[in-house]
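When reading the values below, keep in mind they use all heavy atoms of this one structure, side chains included, and skip hydrogens, waters and symmetry mates. Just so you know, these numbers come straight off a predicted model, no measurement behind them. Residues take their numbers from the sequence shown, with the count starting at 1.
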Amino acid sequence: MTKPPARPTKDPKTPPGDRIAKVLARAGVASRREAERMIEMGRVTVNGETITRAALNVTEKDKITIDGKPLEAPQAPRMWLYHKPPGLVTTTKDEQGRRTIYDDLPDDMPRVMSVGRLDLNSEGLLLLTNDGGIKRKLELPATGWLRKYRVRVNGRPTEEMLAPLRTGLVIDGQAFQPMQVALDRQQGANAWLTIGLREGKNREIRRAMTDIGLTVNRLIRVSYGPFQLGQLKPGEVQELRGRVIRDQLGLDGAKPDRPQPTRRRKPRGASGKG
């Protein structure tokens with residue numbers, strides 16, 4: 001009788017705990033990449049010593065500070081749906097001084113990170129989270145969640161024109177995966193399309209449309225995986241129930257359900273976050 005293969009054992013040389021950047025991301029300090037940059041800048045100390053490399057494992061026993069302040073205990077994972085209006089940049093700071101989504105969010109929101117991005121002129125559903133692990137998980141191509149967009153183009157698209165989108169394009173040496181494309185209606189000089197992607201490269205839809213001779217003049221993301229824009233108005237934020245997060249992402253420790261999801265929008269003219 002053949003013995004079953006032995007289970008691999010953990011390398012005894014591997015130190016206990018998790019990588020420091022992962023711990024910072026889980027605590028909602030920053031995304032993992034941002035945390036690594038903070039470490040390289042010398043802003044993080046572990047047990048009183050400044051570290052400049054992210055190749056370090058830490059445990060709950062280690063004392064971590066950021067800019068001299070103790071690291072707070074990890075928050076329960078939370079997620080929000082946000083209807084991004086056009087004209088805002090999806091970044092914490094913009095070198096050109098343009099308004100960002102963080103200027104538009106309610107002042108009582110905790111520190112959040114966006115899952116992916118929508119460019120300056122795009123609008124619609126943007127997922128926000130306080131957990132760097134969620135952000136990383138949902139941005140991985142392997143997650144493969146379908147993102148759907150309503151796209152208005154200038155021109156008169158035909159099924160023949162749209163066919164290359166469904167088989168996959170190569171633009172400037174970059175391969176784009178096949179898209180789901182449906183022609184909804186022609187409205188004067190413009191047409192409305194519904195487009196689905198499973199991985200979103202930078203300005204992918206706009207570049208693909210330009211390649212087949214069409215110009216995008218409005219782009220609205222209406223869903224990201226199971227999460228829908230629904231009736232959210234531009235600028236509105238709605239927190240997801242903890243049960244929804246657990247069910248859709250398979251997470252333990254998501255924040256318990258509230259009686260009602262919040263739906264808030266910053267009042268017009270209110271000063272934003274820096």
Does a side chain donor of either [X] or [Y] reach within less than 3.5 Å of an acceptor in the other side chain?
X	Y	result
Arg78	Asn130	no
Thr65	Thr45	yes
Thr215	Asn154	no

Is it true that a side-chain atom of [X] and a backbone atom of [Y] form a donor plus acceptor pair closer than 3.5 Å?
X	Y	answer
Thr90	Leu118	yes
His83	Glu236	no
Glu139	Gly116	yes
Asp247	Val244	no
Gln186	Asn190	yes
Arg221	Gly124	no
Asn47	Lys63	yes

Using every non-hydrogen atom in the two residues, find where [X] and [Y] come nearest and quote the distance to one decimal.
X	Y	value
Leu183	Ala191	CD1-CB, 4.2 Å
Ala35	Ala21	CB-O, 3.9 Å
Val237	Tyr82	CG2-CD1, 3.7 Å
Pro157	Gly155	CD-O, 3.3 Å

**Item:** Residues Ser122, Arg203; criterion side chain to side chain contact (heavy atoms under 4.5 Å, CB included); working and verdict
**Value:** CA-CA 10 Å; Ser122 298; Arg203 299 177 62 83; over 6 Å; no
Under a 4.5 Å cut-off applied to non-hydrogen side-chain atoms, are [X] and [Y] in contact?
X	Y	result
Trp80	Leu127	no
Asp94	Gln96	yes
Asp18	Val58	no
Ile66	Leu24	yes
Leu126	Ile101	yes
Leu140	Trp145	no
Pro85	Asp104	yes
Val44	Thr50	no

**Item:** Evaluation steps, side chain to side chain contact (heavy atoms under 4.5 Å, CB included), between Leu193 and Leu162
**Value:** CA-CA 10 Å; Leu193 308 170; Leu162 299 176; 4.2 Å; yes
As an exercise, state the distance from [atom1] of [X] to [atom2] of [Y], rounded to the nearest 0.5 Å.
X	Y	atom1	atom2	result
Gln238	Lys233	CD	NZ	11.5 Å
Leu165	Leu197	CG	CG	10.0 Å
Met109	Glu239	CE	CD	8.0 Å
Met209	Leu169	CE	CG	9.0 Å
Asp211	Asp172	CG	CG	8.5 Å
Arg152	Ile220	CZ	CD1	8.0 Å

[X]-[Y] co-clustered via ILVMFWY side chain contacts under 4.5 Å:
X	Y	value
Leu146	Tyr149	no
Ile245	Leu81	yes
Leu138	Leu229	yes
Leu125	Met113	no
Val181	Ile171	yes

**Message:** Run Ile205 and Leu219 through side chain to side chain contact (heavy atoms under 4.5 Å, CB included) and show every step you take.
**Reply:** CA-CA 9 Å; Ile205 291 177; Leu219 191 151; 3.8 Å; yes
**Asked** In this structure, which one of Arg150, Lys84, Arg218 forms a salt bridge (charged side-chain N to carboxylate O under 4.0 Å, His left out) with Glu123?
**Response**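 Of Arg150, Lys84, Arg218, salt bridge (charged side-chain N to carboxylate O under 4.0 Å, His left out) with Glu123 is met by Arg218 alone.
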**Request:** Identify the residue among Lys135, Arg111, Arg136, Arg43 that makes a salt bridge (charged side-chain N to carboxylate O under 4.0 Å, His left out) with Glu34.
**Result:**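 That would be Arg111; it is the only one of Lys135, Arg111, Arg136, Arg43 passing the salt bridge (charged side-chain N to carboxylate O under 4.0 Å, His left out) with Glu34.
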**Message:** Could you work out, with side-chain hydrogen bond (donor to acceptor under 3.5 Å, both in side chains) as the rule, every residue matching Trp192, not counting sequence neighbours?
**Reply:**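 Applying side-chain hydrogen bond (donor to acceptor under 3.5 Å, both in side chains) to Trp192 gives Gln187.
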**Message:** side chain to side chain contact (heavy atoms under 4.5 Å, CB included) for Met179 and Arg198? Distances and angles first, verdict last.
**Reply:** CA-CA 8 Å; Met179 302 178 182; Arg198 291 204 178 273; over 6 Å; no
**Carboxylate-amine/guanidinium proximity below 4.0 Å for Arg166 and Glu159** =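 Yes, this pair counts.
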